[in-house]
Enquirer: 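Below you'll find the structure I mean.
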Number of protein chains: 2
Amino acid sequence: MEAEENRVPGGAAPEGYDRYAFEPFAVTVDLAVLTVRAGALQVLLVERGTEPYAGRWALPGGFVLPRESAEEAARRELAEETGLSDLTGLHLEQLRTYSEPGRDPRMRVVSVAFAALLPDPPEPHGGGDAAQARWLPFDGLGPLAFDHDRILADAHERVGAKLEYSCLATSFCPPEFTLGELQHVYETVWGTALDRPNFRRKVLATPGFVEQVPGAARLTGGRGKPAALYRAGGAKVLHPPLLRPTP
Amino acid sequence: MEAEENRVPGGAAPEGYDRYAFEPFAVTVDLAVLTVRAGALQVLLVERGTEPYAGRWALPGGFVLPRESAEEAARRELAEETGLSDLTGLHLEQLRTYSEPGRDPRMRVVSVAFAALLPDPPEPHGGGDAAQARWLPFDGLGPLAFDHDRILADAHERVGAKLEYSCLATSFCPPEFTLGELQHVYETVWGTALDRPNFRRKVLATPGFVEQVPGAARLTGGRGKPAALYRAGGAKVLHPPLLRPTP
DNA sequence: CCCTTTATGGTCGTACTGACCATGGTCAAG
DNA sequence: CTTGACCATGGTCAGTACGACCATAAAGGG
């Protein structure tokens, strides 16, 4: 039900809305942007310059503008923070909305959180307004600003779970990748080692997960036998799923 | 990032917030309340009495109050709509947030949608303010108000997916239930028939999914052999999952 | 030339699943 | 009372998937 009830006096009613009073909220987006770099899971963070939490790292984000959806706001903010222009193929997944009254000490802010996955990202050049944007390793992060620790933990959990039953892992990889790189995505996000032949068997047995680039091969940094290159296939779901090893 | 940027002139800045301008949004919750009644999946809907969409069915919901979270608002609204007082054990799951600018023609409304599951629910007595609240079968619903068709479809998809890898199905059942009733939940939500012995084997082989009530048995409406009664166990996840049959 | 490293291919036993068949208890109709 | 419908329960059997290996191939470094 939308704007149906009249319980909240004190809000400003927009034109034509004299029957309905409502409480205004600020609506923002927060972005948990993950990538696999240098063999580790990394997160895009910005350093806060103002109170509260001045000097702390925080997730990038910002206000939702009057004429855009939260998804559009998330893409806009991400483009501004990273300086990337082409985010069309980017996987952006809505995590959940955080609405606890005290989460921002200054005012009532409802924040729609998104998880985004980037392959081989550029170093952010602190694009527009953010004080400083950097990639930082996921492990060993100090406490973040606001409730961003929890948002980031939720993003990690969600991405880890989606790797099990979707073909999402290719979003972490460049357009052409080796099966070793794809396996490394799983191992990095899950924090567990996988058996290489078994992983290979599973991936190749799933129709549409990956398709081989004919004739191409790449050396994985010069060591070992050259690996065949693959592209992401058309499939979106993994059936049956690729479950995390149970410890 | 919270309330960090100054891009939106025209919003009212609360006290102490002169540095930050923001656009106020109305924030509501929408509830997709599902149950299994009379052998069919049913949804709790309210009939709208005012424009827009007067006379259409809509999901119950309402404004988030200034001092409550979206989860608290959802529980409060649900209690008001159904007249139920004890919703402590109720499974409430945040679906996602719908924020497209045109989804409410009157004003900018951002809605946090929840899916709720009720076992054997009472007939709602149109409790507080809602014009009329009723359980309606999920199949064959005419178009709902606003974007509630999509929210309901998302809720159905989410619940169906969660049945696969969680013990959520017991939330549809009364405190004590037969395995036939539990299987019926799966069949109703998924819309597929399941093999009874195989379902039974799978459920009993999962530790903590259900535990038998000693000595108790119930006739399933008088026909057939009496079935043993079970309670929900302590487990929350299903490992390995109980996958939908692939058609 | 040997060793390390990585990719790729295969085997084998176990666990799980889907498709059955069989039995037993209860009710209702004949 | 008998019979059949109906449902719960128990079991079999084969195909599949998966984990734990072993083996081979191709590259680079000492």
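Just so we're on the same page: letters track the sequence lines, and every chain starts at 1.
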Enquirer: Please determine, for the side chain of A:Lys225, which listed nucleotide (D:dA26, C:dT5, C:dG25) has the closest atom?
Expert: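 Given the options D:dA26, C:dT5, C:dG25, the side chain of A:Lys225 is closest to D:dA26.
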Enquirer: Could you pull out every donor-acceptor pair under 3.5 Å between side chains of residues 200-217 of chain A and any protein atom, sequence neighbours left out?
Expert:
residue: A:Arg201; atom: NH2; partner: A:Asn198; partner atom: OD1; Å: 2.8
residue: A:Lys202; atom: NZ; partner: A:Pro240; partner atom: O; Å: 2.9
residue: A:Thr206; atom: OG1; partner: A:Lys202; partner atom: O; Å: 3.0

Enquirer: Which nucleotide sits closest to the side chain of B:Asn198: C:dG9, C:dC20, D:dG19?
Expert: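 It is C:dC20.
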Enquirer: According to ring-ring contact (aromatic ring centres under 6.0 Å, His included), does anything in residues 152-173 of chain B pair up with another residue at least two apart or in another chain? List the pairs.
Expert: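 Qualifying pairs, neighbours excluded: B:Phe138-B:His156.
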Enquirer: With a 4.5 Å cut-off on side-chain heavy atoms, are A:Ser99 and B:Glu71 touching?
Expert: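 Side-chain contact under 4.5 Å: yes.
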Enquirer: Does any pair with a residue in residues 182-192 of chain B pass salt bridge (charged side-chain N to carboxylate O under 4.0 Å, His left out), and if so which ones, sequence neighbours excluded?
Expert: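 Applying salt bridge (charged side-chain N to carboxylate O under 4.0 Å, His left out) to every pair that reaches into residues 182-192 of chain B, excluding sequence neighbours, yields nothing.
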Enquirer: Can you find a side chain N or O atom of B:Arg200 that sits less than 4.0 Å from OP1 or OP2 on D:dT9?
Expert: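 For D:dT9, OP1 or OP2 has a side-chain N or O of B:Arg200 closer than 4.0 Å.
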Enquirer: Have a look at B:Ala228 and say if it touches a base, only the backbone sugar-phosphate, or nothing, with a 4.0 Å heavy-atom cut-off.
Expert: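 Sugar-phosphate contact only.
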Enquirer: What's the CG-P distance between A:Leu204 and C:dG10, to the nearest Å?
Expert: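 It is 12 Å, rounded to the nearest whole Å.
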Enquirer: Rounding to an integer number of Å, can you tell me how far A:Asp195 CG sits from C:dT6 P?
Expert: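 That distance rounds to 15 Å.
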Enquirer: What integer distance in Å separates A:Gln183:CD from C:dT8:P?
Expert: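 In whole Å, C:dT8 P lies 11 Å from A:Gln183 CD.
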Enquirer: Once ring-ring contact (aromatic ring centres under 6.0 Å, His included) is applied, what residue pairs with a partner in residues 176-204 of chain A remain, sequence neighbours excluded?
Expert: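 Those involving residues 176-204 of chain A are A:Tyr186-A:Trp190, A:Tyr186-A:Phe199.
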Enquirer: Any residue in residues 236-244 of chain B with a heavy atom nearer than 4.0 angstrom to DNA chain D? Just list them by number, or reply none.
Expert: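 By residue number: none to list.
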Enquirer: With respect to A:Leu31, which candidate in A:Leu78, A:Leu59, A:Val46 satisfies the side chain to side chain contact (heavy atoms under 4.5 Å, CB included) definition?
Expert: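 So the option named by the test is A:Leu78.
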Enquirer: With B:Lys162, which residues qualify under side-chain hydrogen bond (donor to acceptor under 3.5 Å, both in side chains), at least two apart?
Expert: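 Testing B:Lys162 for side-chain hydrogen bond (donor to acceptor under 3.5 Å, both in side chains), a comparison that skips the adjacent residues, returns B:Glu93.
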Enquirer: Figure out the CD/C1' separation between B:Gln212 and D:dT9, and round it to whole Å.
Expert: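 Spelled out: CD on B:Gln212 to C1' on D:dT9 is 11 Å.
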Enquirer: If you find the nucleotide of DNA chain C closest to A:Tyr230 and the one closest to B:Pro245, which residue's nucleotide is nearer the 5' end?
Expert: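 Checking each residue's closest nucleotide, the 5'-ward one belongs to A:Tyr230.
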Enquirer: How many whole angstroms separate atom NE2 of B:His184 from atom C1' of D:dA8?
Expert: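 My rounded result for the distance is 16 Å.
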Enquirer: In whole angstrom, give the distance that lies between atom CG of A:Leu182 and atom P of C:dT8.
Expert: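 From A:Leu182 CG to C:dT8 P: 12 Å.
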Enquirer: How many whole angstroms separate atom CG of B:Leu194 from atom P of D:dC7?
Expert: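 Taking atom P of D:dC7 as the reference, CG of B:Leu194 is at 15 Å.
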Enquirer: To the nearest Å, give me how far apart CZ (B:Phe199) and P (C:dA19) are.
Expert: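 Distance, rounded to whole Å: 16 Å.
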Enquirer: So what does B:Arg201 touch, heavy atoms closer than 4.0 Å: a base, only the sugar-phosphate, or nothing?
Expert: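 Result for B:Arg201 = base.
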Enquirer: Any side-chain N or O of B:Arg196 under 4.0 Å from OP1/OP2 of D:dC7?
Expert: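 Answer is no, no contact under 4.0 Å.
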Enquirer: What nucleotide among D:dC22, C:dG18, D:dC6 has an atom nearest to a side-chain atom of A:Pro197?
Expert: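 Side chain of A:Pro197 sits closest to D:dC22.
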